[in-house]
Amino acid sequence: MKRTLIVAILGFALGGSTAVWKLTSEATPALRTKEVPLLEIVHQNADPLRQFPESFPLQVAVLWTAPIPDQENPLPFVHSLKEMGIPFFITRNLPQALRHRLVILYPSVDLRTFTQFQAEQLTAFVRQGGFIFAQNVFWGGLQNLFGFRAFVPSRKRYRLAFSVTRDPVIKYLNRPEERETQLGSDHFPEIIWSNGYVPDVGAEVLAHFDDGSAALLMNSVGKGKVYLLGLSLLDVVLRNQNNRDYEAQRHYVNAFEPGADVWLLVLRAWYEAYAEDWVRLATIPGGQRSALLLSHDVDWENSFAPGLDFARIEKASQASSTFFIQTKYVDDTNSKAFFFGPNLDTLRQLKAGGSTVGSHSIIHSRGFNKFDLGSGHETYSSYQPRGLGFDTAWGATVFGEVRVSKELLDGEIPGQDTIFFRAGHLRVPVSLPEALERSGYQFDSSFTAADVLSNFPFVLPRDLGFKEDSEIYEFPVTVEDEESPGFAKRVPQALQVILANAENGAVSVVLVHSNESILKAAAEQELLRQLPPDIDKTDMLTFAKFWRARDRLQWSLTATSVSTEAVLQVKSEESVIGLTFEFQRPIATVTGATMSPDNRHLVLPELAPGQSVSLHISYLR
Ligand SMILES: [Zn+2]
């Protein structure tokens with residue numbers, strides 16, 4: 001009965017004017033909604049110095065060298081080090097930085113950065129066994145320490161290749177896609193700035209640009225070493241992640257593209273090579289090697305029912321998935337409304353069966369990236385967008401698509417709190433992070449991993465800029481089902497990409513549209529069957545909650561008076577299962593955590609929000 005009524009109203013709405021439709025829908029609300037409060041943006045991360053304070057000796061010191069009026073925020077290193085689970089703090093104080101064994105200089109060193117006396121302090125630090133990772137050192141006063149004779153700035157270097165060397169910092173770069181990366185497409189006459197170095201005798205070139213100049217140098221000085229990069233991680237990590245790059249990706253989707261990840265892996269290897277008795281917060285829960293995050297987009301009237309088949313095969317394979325639902329309640333030139341009746345029953349069934357649910361917008365427009373932000377006061381009763389074609393729409397806003405779809409999903413599905421979003425056609429407006437965080441979302445999956453050259457989840461900067469992180473975490477799509485020749489024929493290729501990511505401790509996000517469940521479900525089942533057992537298979541929401549808690553975790557490692565003992569202190573803001581720490585030194589015994597057979601990984605028990613634990617660790621030797 002109810003369905004007939006809705007269809008009748010929609011028919012009437014199409015025939016009549018918009019004003020009449022609005023009156024009708026206000027009088028007889030066809031769908032249940034739950035109010036979505038409009039939140040204010042909280043600028044929690046305004047001061048990096050206070051956000052990342054010094055707390056224990058193992059931390060890497062990030063010395064923020066930018067002059068205060070035109071400071072370049074250390075966001076690229078915050079992203080890289082946090083994603084890798086490397087402990088760090090940020091300081092402007094050189095003596096404080098030099099009390100730590102590993103020091104990063106960010107963003108650059110020019111003739112105003114250090115006094116002659118400070119340059120001598122830096123040199124003495126390295127000579128006595130300190131390790132520096134710096135980018136864009138221009139000052140002649142530090143040429144000897146960093147091992148270069150000259151440098152040439154340019155915006156015309158398009159590729160970078162790592163050398164064949166035994167240097168430990170590139171030990172994770174074993175695949176061709178990692179050995180050589182692209183910095184931008186040569187369709188652009190100019191791309192990011194780079195500084196090609198002329199090495200000094202004695203300095204080793206670990207990577208070079210396409211014009212033959214050195215991109216990454218290593219210089220040994222006394223007991224220590226310095227590494228110098230002729231690029232900024234702002235350009236090769238952050239710029240890729242917020243998709244402001246000069247088309248640096250070599251593929252769009254369904255391929256392994258680690259162009260940003262290589263720098264995270266270099267930092268990880270640098271830390272593991274030179275920190276003493278290092279400890280790292282692992283990227284994957286439960287001591288696993290990687291995770292496969294399963295998702296389905298439901299963006300057609302007949303895509304609901306096959307979802308149940310996918311849920312069934314996933315359950316049989318000890319997996320689960322997240323369904324991103326297009327809440328299409330209006331008719332337009334692209335499709336009829338389909339968010340009603342039996343489709344909603346199917347959704348409730350999926351949710352009750354253990355699948356998780358996210359939003360896939362309302363009108364699923366390919367022009368979403370050009371939509372206005374909107375007011376934030378869009379609601380189901382007032383928001384009446386219409387797609388006029390694939391790319392154009394009338395009356396649509398970013399807030400409307402994000403907020404009203406949440407109102408409906410939360411209203412129609414018992415127990416649902418929609419905090420995950422995926423844009424239709426993966427088109428991303430720069431205002432998306434703001435619309436999401438102000439509507440109470442936490443997670444997004446609207447980019448492809450190859451396009452952002454990142455296979456680790458990351459925080460979306462506000463306005464997709466360079467100054468400040470939003471509260472939204474991004475989980476880009478690694479493998480999808482629609483590119484020719486179709487998912488069913490690409491399972492071996494998908495598996496290769498998943499294994500390449502697993503090697504790095506990165507994750508792979510799989511998107512399968514639930515428009516049919518014969519070929520595609522069989523292919524997914526085959527993929528799950530061939531997945532190695534140390535790759536976790538889970539829905540996106542469960543992993544995303546883990547990642548957020550991990551990203552916000554506070555932890556420290558304190559030595560004791562006994563050289564073979566240490567205390568690991570952990571405090572989680574949020575509930576989290578399976579937090580894993582990796583240790584350089586093998587562990588003999590620990591209380592309150594599970595040790596892996598290799599004696600080098602500890603898996604913590606479930607932590608409640610706000611819970612702290614102290615683990616007493618005895619090393620084997
Ligand atoms: Zn879609």
Side-chain angles (χ1 to χ4, degrees), residues 36-46 48 51 73-76 78-80 82-83 234 237-245 260 295 322 324 358-362 364-365 367-378 396-407 409 417-449 451-454 456-477 509 540-541 543-545 547-552 574:
V36 174
L38 181 65
L39 307 174
E40 283 307 308
I41 285 184
V42 186
H43 297 272
Q44 280 175 344
N45 314 332
Q51 201 193 351
N73 194 293
L75 221 48
V78 170
H79 277 218
S80 303
K82 281 184 99 180
E83 287 171 37
L234 182 133
V237 175
L238 200 60
R239 183 181 293 285
N240 291 329
Q241 290 185 338
N242 63 17
N243 207 23
R244 304 266 187 175
D245 59 290
S295 69
T322 298
F324 290 96
S359 163
H360 193 36
S361 82
I362 296 164
H364 196 274
S365 172
F368 183 55
N369 55 328
K370 304 220 168 64
F371 284 9
D372 290 337
L373 172 62
S375 67
H377 297 291
E378 291 86 343
T397 63
V398 178
F399 257 126
E401 294 295 301
V402 159
R403 186 165 186 253
V404 179
S405 57
K406 176 173 167 62
E407 278 187 329
L409 291 167
D417 176 21
T418 306
I419 54 174
F420 223 133
F421 184 79
R422 177 176 285 153
H425 302 282
L426 304 182
R427 292 299 170 100
V428 186
V430 293
S431 60
L432 185 62
E434 177 177 350
L436 290 176
E437 61 186 331
R438 296 190 64 196
S439 303
Y441 284 81
Q442 297 179 359
F443 308 119
D444 180 70
S445 181
S446 298
F447 285 109
T448 64
D451 197 17
V452 294
L453 298 91
S454 300
F456 296 94
F458 57 91
V459 183
L460 280 179
R462 288 214 168 96
D463 306 318
L464 304 181
F466 297 91
K467 293 214 158 88
E468 186 185 28
D469 274 337
S470 72
E471 304 275 307
I472 304 295
Y473 292 86
E474 176 67 27
F475 299 80
V477 175
V509 171
M540 294 194 66
L541 184 62
F543 187 88
K545 286 180 172 175
W547 188 268
R548 180 178 139 115
R550 172 196 180 274
D551 191 70
R552 294 168 179 222
E574 308 190 349

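Because only heavy atoms are used, hydrogens play no part in the values below, and waters and symmetry mates are left out as well, while side chains stay in.
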Legend entry - Those residues that, when tested against D417, pass salt bridge (charged side-chain N to carboxylate O under 4.0 Å, His left out) (two or more places apart): K406
Legend entry - Heavy-atom closest pair, residues P433 and P461: CG-O, 3.7 Å
Inset, instruction - With sequence neighbours left out, write down each residue that passes side-chain contact (heavy atoms from CB on, under 4.5 Å) with P74, or none if nothing qualifies. - result: P48, W64, I90, Y106
Inset, instruction - Can you tell me which residue pairs pass the salt bridge (Lys or Arg N to Asp or Glu O under 4.0 Å) test with a partner in residues 420-433, sequence neighbours excluded? - result: D297-R422
Inset, instruction - Determine the minimum heavy-atom distance between S295 and F324, stating which atoms define it. - result: CB-CE1, 3.8 Å
Legend entry - Pairing residues for S439 by the side-chain hydrogen bond (donor to acceptor under 3.5 Å, both in side chains) criterion, not counting sequence neighbours: none
Legend entry - D444 backbone acceptor or donor facing S446 side chain under 3.5 Å: no
Inset, instruction - Could you pull out all residues at least two apart from R244 that satisfy side-chain hydrogen bond (donor to acceptor under 3.5 Å, both in side chains)? - result: none
Inset, instruction - Could I get the full list of side-chain contact (heavy atoms from CB on, under 4.5 Å) partners for E434, not counting sequence neighbours? - result: I41, L373, R438, D463
Inset, instruction - Please check if the side chain of E378 supplies one atom and the backbone of F399 the other of a donor-acceptor pair under 3.5 Å. - result: no
Inset, instruction - Return the set of residues passing ring pair (Phe, Tyr, Trp, His ring centres under 6.0 Å) with F443 (not counting sequence neighbours), or none when no residue passes. - result: F420, F475
Legend entry - Close side-chain approach of K467 to N73, heavy-atom, < 4.5 Å: no
Inset, instruction - Sequence neighbours left out, what passes side-chain hydrogen bond (donor to acceptor under 3.5 Å, both in side chains) with K82? Give chain and number order. - result: D551
Legend entry - Residues which pass side-chain contact (heavy atoms from CB on, under 4.5 Å) with T448, listed by chain and number, not counting sequence neighbours: Y252, V253, L426, D451
Legend entry - Closest non-hydrogen atom pair between G440 and I419, with its separation: O-CG2, 3.5 Å
Inset, instruction - Not counting sequence neighbours, which residues clear side-chain hydrogen bond (donor to acceptor under 3.5 Å, both in side chains) with E83? List them please. - result: Q241
Inset, instruction - Under the ring pair (Phe, Tyr, Trp, His ring centres under 6.0 Å) rule, collect the residues that match up with H364, sequence neighbours excluded. - result: H360, H425
Legend entry - Heavy-atom closest contact (T322 atom, L541 atom, distance): OG1-N, 3.2 Å
Inset, instruction - Examine distances only and state if a side-chain atom of S470 and a backbone atom of L460 form a donor-acceptor pair shorter than 3.5 Å. - result: yes
Legend entry - Check: G374 main-chain N/O paired with T397 side-chain donor or acceptor under 3.5 Å: no
Legend entry - Set of residues satisfying salt bridge (charged side-chain N to carboxylate O under 4.0 Å, His left out) with respect to R239, sequence neighbours excluded: D235
Inset, instruction - Taking the side chain as every heavy atom from C-beta outward, state whether H377 and L38 have any pair of such atoms under 4.5 Å apart. - result: yes
